[in-house]
Amino acid sequence: MKFSAVVVAAGEGLRAGPGDPKAWRRLGGRPILRWSVEGLLSAGAEQVVVVVAADRLAQVEGALAGLAGWTAVAGGSTRAASVQAGLAALTAADDNAVLIHDAARPFVARAHVERLLAALERADGAIPATPVPDTLKRGDGVVTATVSRDGLWRAQTPQAFRHDRLKAAYRTWPAGEEPTDDASVLERAGGAVALVAGDPMLLKLTYPEDFLMAEQLAGGQRIVRMGQGVDAHRFGPGDAVWLCGVLIPHDHGLIGHSDADCGLHALTDAILGAVGDGDIGEHFPPTDERWKGASSDRFLKHAADRVAARGGRIVNVDVTLVCERPRIRPHRDAMRARIAAILEIPVERVSVKATTTEGMGFTGRQEGLLAQAVATVETPA
Ligand code: MG
């Protein structure tokens, strides 16, 4: 069944303690909002409408960079108003399925969505729910009653509906009242809402401790990958060489189609290698006139963007330059700073080293310069 989704992230989440509203906090290096949107897109959502506070609209582009299939709209003053703003922005036909999801439940996955859509075949709505494992008490300081938990369920999101039924139900909801979830709006309008098996992984991040637990869970869903790159360029006429984004005076230049920055080329290949995304020659063919004399920082930036597009982040990089001359050491800090700036990572996570081959081989004869690089990248599993 085709479906769209509305992700509600307009609330401030005051119970979560000080700091950014929870949808904007980071989990495993990515905004929580991104986890939710990615989960729904990879489960097959045709469109995800993200509802945020009006003053956060500009931030969404950054949080969801590299993802396709989402739109963002400004929310209202209540959750119900925000959901309705999201529903209004859907482009799919009115009888399609729509999932309404709280951004603060980052671990939504395909299996959850499939169970809901299957249940929606025989109901107007479907929600994931888990049994109540704890004994329930009523009281205020002292217990006044023990409440039977028979037939009680804890409702989670995403909640699935026929788009047109939910819209119609919202139109009949009494003004001034605030529903605690979307299913209750449909229930009040007489709709049948199916209960499907919920999942502890659909936990809602509410209190500061929830974020600590979620970090542990997020860690288990990410992997570390390593890539390596090698590049060599021949010395030729000239009075300076570009190395690791820094121009160094020398009695020769380096020959190449672009600026021949061996260090950045090796590093670009290392990063592309870590995410299994081809090599620099594939992304920037040397036959293409656009890259003639090009500054190699754009190649490196492109590789970093490819990592970000997968929800990954660069952990650290290490470049080794192999040459007798020019001397690298005086320029090493400038090179590290330049690479850190291009990759937007702290300089402590960038290493640049140099060595010679003691006069042996092409680097020893000073015919050319060799660069090797490794990069460690962390991505969703
Ligand atoms: Mg090269």
Side-chain angles (χ1 to χ4, degrees), residues 26 29-30 62 65 224-235 238-256 258-275 277 279-280 283-284 291 293-310 312-358 363-364 366 368-379:
R26 287 183 173 261
R30 291 182 291 162
V224 172
R225 307 160 63 139
M226 209 192 74
Q228 67 139 359
V230 177
D231 194 36
H233 281 264
R234 187 182 286 276
F235 282 119
D239 55 9
V241 291
W242 281 102
L243 282 173
C244 294
V246 175
L247 188 63
I248 302 175
H250 189 44
D251 50 16
H252 283 82
L254 283 169
I255 302 170
S258 64
D259 64 5
D261 188 329
C262 229
L264 292 193
H265 294 181
L267 183 52
T268 300
D269 261 356
I271 293 169
L272 291 173
V275 289
D277 195 356
D279 61 28
I280 191 171
H283 290 265
F284 301 98
W291 317 127
S295 164
S296 296
D297 49 6
R298 64 193 298 174
F299 304 155
L300 186 60
K301 174 76 169 65
H302 174 79
D305 289 345
R306 302 289 288 194
V307 173
R310 286 156 202 263
R313 69 185 180 110
I314 295 165
V315 179
N316 76 300
V317 299
D318 183 17
V319 182
T320 303
L321 300 170
V322 186
C323 59
E324 305 288 329
R325 292 176 60 246
R327 286 192 65 224
I328 302 302
R329 196 180 190 109
H331 307 285
R332 216 166 59 173
D333 286 343
M335 292 174 172
R336 292 177 67 206
R338 183 69 195 120
I339 290 171
I342 298 166
L343 296 179
E344 296 181 40
I345 62 175
V347 73
E348 304 81 58
R349 295 205 245 130
V350 177
S351 162
V352 174
K353 315 195 294 299
T355 188
T356 72
T357 49
E358 309 240 325
T363 56
Q366 300 190 40
L369 188 145
L370 177 75
Q372 298 193 348
V374 291
T376 313
V377 163
E378 183 215 37
T379 66

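- A 4.5 Å side-chain heavy-atom check between Leu264 and Met335 finds every atom pair outside the cut-off.
- In this pair, His250 and Phe235 present their aromatic rings tilted. The plane angle is within the 30 to 60° band.
- Side-chain contact between Arg313 and Ile345 is absent, with no heavy-atom pair separated by less than 4.5 Å.
- Side-chain contact between Arg325 and Thr356 is absent, with no heavy atoms from C-beta onward closer than 4.5 Å.
- Residues Ile328 and Cys323 are in side-chain contact: their nearest non-hydrogen atoms beyond the backbone lie under 4.5 Å apart.
- In summary, the aromatic rings of His283 and Phe299 are positioned with their centroids too far apart to meet the 6.0 Å limit.
- Test Asp261, Thr268, Ile342 against Ser296 for side-chain contact (heavy atoms from CB on, under 4.5 Å) and you get one pass: Asp261.
- Put simply, the residue from Asp251, Leu321, Ile248 that forms a side-chain contact (heavy atoms from CB on, under 4.5 Å) with Pro326 is Ile248.
- A 4.5 Å side-chain heavy-atom check between Ile280 and Asp231 finds every atom pair outside the cut-off.
- Looking at Asp318 and Lys353, their side chains come closer than 4.5 Å, going by heavy atoms from C-beta outward.
- Between Trp242 and Leu254 there is no side-chain heavy-atom pair separated by less than 4.5 Å.
- Residues Cys262 and Leu370 fail the side-chain proximity criterion, which asks for heavy atoms closer than 4.5 Å.
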